[in-house]
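Per chain, numbering begins at 1; letters A, B, ... match sequence-line order. What you see is a predicted model; the values in this text were computed from it and never measured. Note: hydrogens, waters and symmetry copies are ignored here, and every other heavy atom, side chains too, is used.
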Amino acid sequence: MPAKKTAINKNRSDLPPTPYTFFEDVYAIVRLIPYGRVTSYGAIAACLGARSSARMVGWAMNASHTVLPYVPAHRVVNRDGILSGKHHFSTPTEMEELLRSEGIEVRDNQVVDFDQKFWDPAQEVGGWRL
DNA sequence: TTGTTGACCTCTT
DNA sequence: CAAGAGGCCAACA
């Protein structure tokens, strides 16, 4: 069935109408990001079949700190490879430090070689849950 | 309850 | 090609 692009968790007939479904889907995908790789909000949203809801992905990440198991939110950047969410970590440099510790170069709040480090969820997940 | 605000993206002038 | 506007939906005031 062709999923509409509006009301993400409302057209998920296979799941209860819990408003948190979208968030958990986001967390699930973020946790799948391999070590040393990064992805973008839009890619995650597109993988979930709602490319226009990329903004909600950001909201999901906002709450990701309170969620277990651990969500590697530092591996999610915006489409330009910019660390747009570094301010929401406990320290402004934590995101950059984490990425560096995984071998990702960061320069001027931007991921170096973003194209090479980019990990497309749709490629790995394929038709997961769709 | 209505209104504003987001760690964004895409389409349209 | 650059700049602007629209859109998505949950949280918060």
Exercise for the section: For A:Arg37, look at atom CZ and say whether over 12 heavy atoms of other residues, nucleotides or ligands are found less than 6.0 Å away. Expected result: yes

Handout entry: Close side-chain approach of A:Val111 and A:Phe118, heavy atoms under 4.5 Å
Key = no

Pairs under 3.5 angstrom only: tabulate donor-acceptor contacts from the side chains of residues 58-65 of chain A to other protein residues two or more places apart or in another chain.
from: A:Ser64; atom 1: OG; to: A:Met61; atom 2: O; distance (Å): 2.5

Fill in the blank from the handout: Residues passing the side chain to side chain contact (heavy atoms under 4.5 Å, CB included) test with A:Thr91, sequence neighbours excluded, are A:Thr93, A:Glu94

Problem - Nucleic acid footprint by protein, nucleotides 7-13 of chain B - heavy-atom cut-off 4.0 Å, B for base, S for sugar-phosphate alone - result: BBSS---

Problem - Residue A:Gln110 excluded, over 12 heavy atoms near CD under 6.0 Å - result: yes

Handout entry: Span that lies between the P atom of B:dA7 and that of C:dA3, in whole angstrom
Key = 23 Å

